[in-house]
Number of protein chains: 2
Amino acid sequence: MAVTRAGLKARPKKQRRMSGQERRRQIVRAAMDLFARKGFKGTTTKEIALAAGVNEAMIFRHFPTKGDLYAAIIDYKMDQCCEWISRVHEEAARRKDDRTMFLELARGILAFHEQDGTFMRLLLYSALEGHELNRMFFETQVVEHFEFLADYIAQRVRDGAFRPVNPRVAARAFLGMITHHAQVRELFDPQGRLLNVDSDAAAAELVDIFLAGVARR
Amino acid sequence: MAVTRAGLKARPKKQRRMSGQERRRQIVRAAMDLFARKGFKGTTTKEIALAAGVNEAMIFRHFPTKGDLYAAIIDYKMDQCCEWISRVHEEAARRKDDRTMFLELARGILAFHEQDGTFMRLLLYSALEGHELNRMFFETQVVEHFEFLADYIAQRVRDGAFRPVNPRVAARAFLGMITHHAQVRELFDPQGRLLNVDSDAAAAELVDIFLAGVARR
DNA sequence: CGAAAGATTGTAAGTACTTACTTACTTTGT
DNA sequence: ACAAAGTAAGTAAGTACTTACAATCTTTCG
């Protein structure tokens, strides 16, 4: 067996080694999970390396600093958020089928969070940490989708389909009940001790309360 | 000027020194603010000492470890949460004045968070970090108040004042829209760019949407 | 009343360890 | 032979916490 200059055993022959891209992806995946659970400062590069199955030095072959790795993850994650929302919005704007629109939106939000708990966690950690990318995410995607929803509600008030509510308050109310439910399930009550219904049923009932709340009397 | 054993200048005479209790309170206050902004791992004992205006060693005169200091703060904060809610609940149970009950609850929650942003931050940080005291808080106070609210809504359904909604979903909807609003204001949108109404107006409109949403048709 | 003793508060300096990141080499694949 | 992936060992700085003393305040006693 080969011996290194320090007299220690060299790594024995292994299976085929990874390409740079594969390895990068693996580091990102391990880091994402750790950052989601522990936050930026709560995660060490040693832990990331261990979870990724690489030497710590490898991390710095792909990212200049630990902060760059975190920023790449936040950026990627925040980009994932809203790709599907635009399609739901377009349908709604065309058909003005309120129940379907709000129901699809609610189901989409709940399914998105259910399929990937790291999003909510990274969103909240980066907000608490005051991360610049979180602020950018808010100022672009969050604002855009909130404004679209408020505009839609305003239009439905003008159409006479909704009673004269403040569209921004109504948008806040709707997003609040849906997002809060996802958050409680992810952070406080994963077993659903307080409210144990599947997400489609939850979406249906929350949307029903919302629509009744903004319906013409 | 006196000289220490190391030959350095002794601390010059100062104004009257603090009692142990006063100093402890000051350390706790500084630590609370830092933990709220940066989380447990993101805060160093050096920063806490600097913010409190004491030597780092003083922290360990009052708390065995940094973790003990954090636990004391989380415990104290979570205890503050719900003292006032019981009074609101009692009134409501007696008078069955739904609008006043939900309005007082909503205003109380919003005022509580507006007066003290550290609560929301510590709640979320400790939840993300998986802190045991957060779990205990959830399993006691959160569960208790949620159950009370769900019971109240169930009673009102039986009374015929509310339509046959799932009381737990309705409680989730109500708490969701209120708490989400407080959270967005604290973490994402302190300037109220998306929704700039004062908290009493927000409470009134959110409660109106909620009550309309659960009213008999 | 004042000095001395004791209790309490305060702190400089230190310890043992951890951290993010770098270096210089080794191993593997083309 | 060269490029690329992998790593042991290291560096400089930082961390939570401890130690041993100094300074200040209170109590006791003559």
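In this text the structure is predicted, and so the values were computed from the model without any measurement. Sequence lines set the chain letters: A, B, ... in the order given, protein chains first and strands last, and positions in each chain run from 1.
A residue-by-residue look at B/Gly53 and A/Thr65 shows that B/Gly53 has its nearest nucleotide of DNA chain C further toward the 5' end. When the nearest nucleotides of DNA chain C are assigned to B/Gly20 and A/Lys46 by heavy-atom distance, the more 5′-ward of the two goes with B/Gly20. Residue whose closest nucleotide on DNA chain D sits further toward the 5' end, between B/Thr44 and A/Val54: A/Val54.
Expressed to the nearest 0.5 Å, how far CG of A/Leu50 lies from OG1 of A/Thr45 amounts to 11.5 Å. The structure places NZ of B/Lys77 at 3.5 Å from CG of B/Asp116, a figure rounded to the nearest 0.5 Å.
Regarding B/Ile59, its CD1 atom lies at a distance of 13 Å from the C1' atom of D/dT18, rounded to whole Å. We find that CZ of A/Phe60 is positioned 13 Å from P of C/dT23, with the value rounded to whole Å. Rounded to an integer number of Å, the gap from B/Met58 CE to C/dA12 C1' is 14 Å. In this structure, A/Glu56 atom CD and D/dT11 atom P are separated by 16 Å, rounded to whole Å. The distance between atom NZ of A/Lys41 and atom C1' of D/dA16, rounded to the nearest whole Å, is 14 Å. For B/Arg23 and D/dA23, the CZ to C1' distance is 14 Å, given to the nearest whole Å. Taking atom CZ on B/Arg24 and atom C1' on C/dT8, their separation rounds to 16 Å, with Å as the unit. As rounded to whole Å, 15 Å separates atom P of D/dA5 from atom CG of A/Asn55.
Applying the side-chain contact (heavy atoms from CB on, under 4.5 Å) test between A/Phe35 and each of A/Ile74, A/Thr118, A/Ile48 identifies A/Ile48 as the sole match. Applying the side-chain contact (heavy atoms from CB on, under 4.5 Å) test between A/Phe188 and each of B/Val142, B/Asn134, B/Val143 identifies B/Asn134 as the sole match.
Among the nucleotides D/dA5, D/dC17, C/dT11, the one closest to any side-chain atom of A/Arg61 is D/dA5. Nearest nucleotide to the side chain of B/Ala57, out of D/dT19, C/dA20, D/dA5: D/dT19.
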task: In sequence, state the C-alpha distance, the side-chain angles, and the governing distance for A/Phe40 and A/His131, and then conclude on side-chain contact (heavy atoms from CB on, under 4.5 Å).
output: CA-CA 10 Å; A/Phe40 179 74; A/His131 201 285; over 6 Å; no

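Side-chain N/O atoms of B/Thr45 include one lying less than 4.0 angstrom from OP1 or OP2 on D/dA16.
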